[in-house]
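Have a look at the structure below, then the notes.
Letters A, B, ... are given to chains in the order of the sequence lines, protein chains preceding strands, and every chain is numbered from 1.
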Amino acid sequence: MTLLQLDNLHTYYGNIHALKGISITVEQGEIVTLIGANGAGKSTTLKTISGLLYPRQGKVYLEGKDLTKYRAHEIVKMGVIHVPEGRRVFSRLTVMENLEMGAFTRKDKDGIQKDLRRVFELFPRLEERRNQVAGTLSGGEQQMLAMGRALMSQPRILLLDEPSMGLAPVLVDLIFDTIRELNEQGMTILLVEQNALLALDIAHRGYVLETGRIVLEGDAKALKENPQVKEAYLGGS
Amino acid sequence: MDKEIKFSWQDIIKYGVIGGIVALYVVLIGMVVTFKERYIIAETVNLGQIALFSPTFILAYFAANNARKLKSLIYAIVVGALVGAIVGVFVAALLVLASHVNMREVFLNVSPELLKILHFGQESLKGASLVIVGLNLIVGLVGGLFALAPRRWSNALLVGAALVTLMGILQELMSITFGTKDWYKPLGEFIYAKKGLSWGGTILFFVLGMLFSLWRSSPGLHPGARVAKLPPKQQQGVRIVSFLLGLAILVWLPKFLGSYPSEILTTVGIYVIMGLGLNIVVGFAGLLDLGYVAFFAIGAYTVGILTTTGKLATVGWNFWMALPVAIFLATMAGVILGIPVLKMRGDYLAIVTLGFGEIIRILVLSDWLKPYIGGAQGILQIPKPEILGYEFKGPQQIYYLVLIGILLVGYIAWRLRDARVGRAWKAMREDEDVAEAMGIHLVSTKLMAFATGAAFAGLSGAIFAAKLGSIFPHSFNLIVSINVLSLIIVGGIGSLPGVVVGALILVGLPELLREFADYRMLFYGALLVAMMLVKPEGFVPEKTHARELREQPLEPEVAPEAPAREAL
């Protein structure tokens, strides 16, 4: 079943044509990755989906419902949760307060408690540091917190923007293991990554973006073997 | 990390020279002469002397600040005394110079009277110089010893001394309060001598101040900590009792204080209401608003226009009918200002709101609106509020109106802070983009902050108009916005009790010190600078802001950070 569908999206920053007709589908339970160089439009695509940017043309459908008619806060309530790039945690609030902010749109106290336990199971480090101020966490812990906070808002699909950025290799592996684990629990994930190799390793399907256009798409394994992709994104062969 | 602490001549000379320059400054602006009659303690210590020797004390304290770490008595004594002596040399040099050269053409305050005071009763110039250096040396030595004393005790001594000074300065006001009333008249006579505090009063306030400070700082006795140990039911009880007790004192206060101090309290209260409003905008929601006075003006002018019986009389409503209209119009103005600035952040927002404040001020002054709101002549004859035959006629009555306003507005602010919208404000303050990604509706959240803040200012303005009975454009200057912002910062941004403390310090103190005319703003400026250096998070900090300003040890990284590309 198709959960998220992008249909010929065109997004502009002022006069700059950033997305030039992006069409993507994400099936329920999939990990789909968008790879591409800096400035290819990966983050712009995520921001357009989550309503932080408005497309000038084209539609975004969540199970057939047109998201471009809704505002960012309403899209969050529908279960499309964006984890922005660069580990944007509320750095002066504690880990707990950050997680509580994640549940901002919810009123079901029992459900929130249940999800909190789930987040702590996924990221035991966060439970150890629950009363620590988020700004003093290490980079990897902040990324965990950003993801944990997203999970607190009952996502149906997670939009992850560069979760590996600026992290040590050990931590990148840890984060990607968690992404896979989340997916095995049934979470649908749209993953934006510069680290194409890692992304294609855990994704089911992938799209390659270049200057606002999709130049390649297909099965993640096939993309990984694609000579063009190897040449451009996997550091040659 | 830790610098090696050692005895450093350079530091001593540095602190000594700074102290000397400050002491000269104090002398040359004429404080020593002006305040020679202002006795703090029974014809013994006057304010001029305190002003002269405080720089010595403070600089010696800072210079010897390492003594606590070193635990070295000699270090404290030597450093303190040396710094004191250097300061003394500066002052003595001025005395010598002024005795030989006529400095009055440049420095008006170097009068024969000053020279007489600086002689400290000595006949010869030599003797006087020695006494000056000696006295400064002793004061510096005491400052050095202070740096050695455990922080708790040195704080307690300082609080005691500060309380004595404050009560001494306030003698005139307090004598009126004590002198006119029945049963506390003997108390007043005990505390105050003819000029300044009596020795009994000095000891009383010193001990009171010390005990208070020690009580606050004692871990076993600290009221908050002890209450926290009680079972929840009793905690609730303690809170209710202390609230009622505080309320009773507040209700009784104007009767005790008399007219003038009540007037000051009313002014402070009007600023507290405004501060609580701006605290929502700046402290809770993180939107820097410099045009806040506009809403205060709208509240005041609405009440003025609707109730005046003077020549601008319109409908001639009473205060209670005009009040909701004033609050409503201020709220609307808040929303109207809010809409164009929705996309702006930080500095840009500050500039636009600044402009908005000026627009309102200029409109109020304009000839165009003069037939309706009086232009520079303002609105006169605004009747006092009345309820069930009780007229809020003087400051002692208006006080209650303000008190009710503060309780109401404080309660609303407190509830909003912990409500959903309060959490939304907090998230928005910390990071707008992430807040939006969390599902927070930025537009309504921002407008709610602007509207609530404006409503409080409108209420404050309405009471202000009723209090004065007449309003003029010059009461709605930019300086009001700046004052309200400063009081929030001094109290502790985002903190509700902080607003009250900030208003008492920044609005109440200058009013009390009115007799000191020009020096008042000097104290005020020095206080602001000292405050931002010593306690940047404010007197009663809110915990999130305190975290930012107090250094937090960084947790060690799990693994060294490296760019992700290296993983390949």
Near B:Q235 CD, under 6.0 Å, is it more than 12 heavy atoms from other residues, nucleotides or ligands?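 More than 12 within 6.0 Å, yes.
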Are there over 12 heavy-atom neighbours, none belonging to B:D418, within less than 6.0 Å of that residue's CG?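 Yes, the 6.0 Å shell around CG holds more than 12 heavy atoms from other groups.
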Segment of A:R88 engaging chain B (4.5 angstrom heavy-atom cut-off):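 Looking at A:R88, backbone and side chain both touch chain B.
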Structural part of A:E100 lying under 4.5 Å from a heavy atom of chain B: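 For A:E100, the contact with chain B is made by backbone and side chain together.
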What verdict does the side-chain contact (heavy atoms from CB on, under 4.5 Å) test give for A:R71 and B:V443, after you've listed the backbone C-alpha separation in whole Å, the side-chain angles of each residue and the deciding distance to 0.1 Å? CA-CA 11 Å; A:R71 312 189 65 133; B:V443 173; 4.0 Å; yes
Option in B:R429, B:E436, B:R423 with maximal non-hydrogen atom pairs under 4.5 Å from chain A: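 Of the options given, most contacts go to B:R423.
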Roughly how far apart are A:F104 CZ and B:R420 CZ, rounded to 0.5 Å?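 With rounding to 0.5 Å, CZ (A:F104) is 4.0 Å from CZ (B:R420).
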Which distance, rounded to the nearest 0.5 Å, do you find between the CE of B:M438 and the CD1 of A:I81?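 The CD1 atom of A:I81 is 7.0 Å from CE of B:M438, to the nearest 0.5 Å.
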What closest approach, in Å, do A:F90 and B:V434 show between heavy atoms, and which atom pair accounts for it?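 Smallest interatomic distance, heavy atoms only, reads CZ-CG1, 3.9 Å.
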As an exercise: rank A:H73, A:E74, A:M101, A:K77 by heavy-atom pairs under 4.5 Å with chain B and give me the winner.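 Max contact count across the listed options: A:H73.
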Highest number of heavy-atom pairs under 4.5 Å with chain B: which of A:L52, A:V80, A:L93, A:N98?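 The answer is A:L93.
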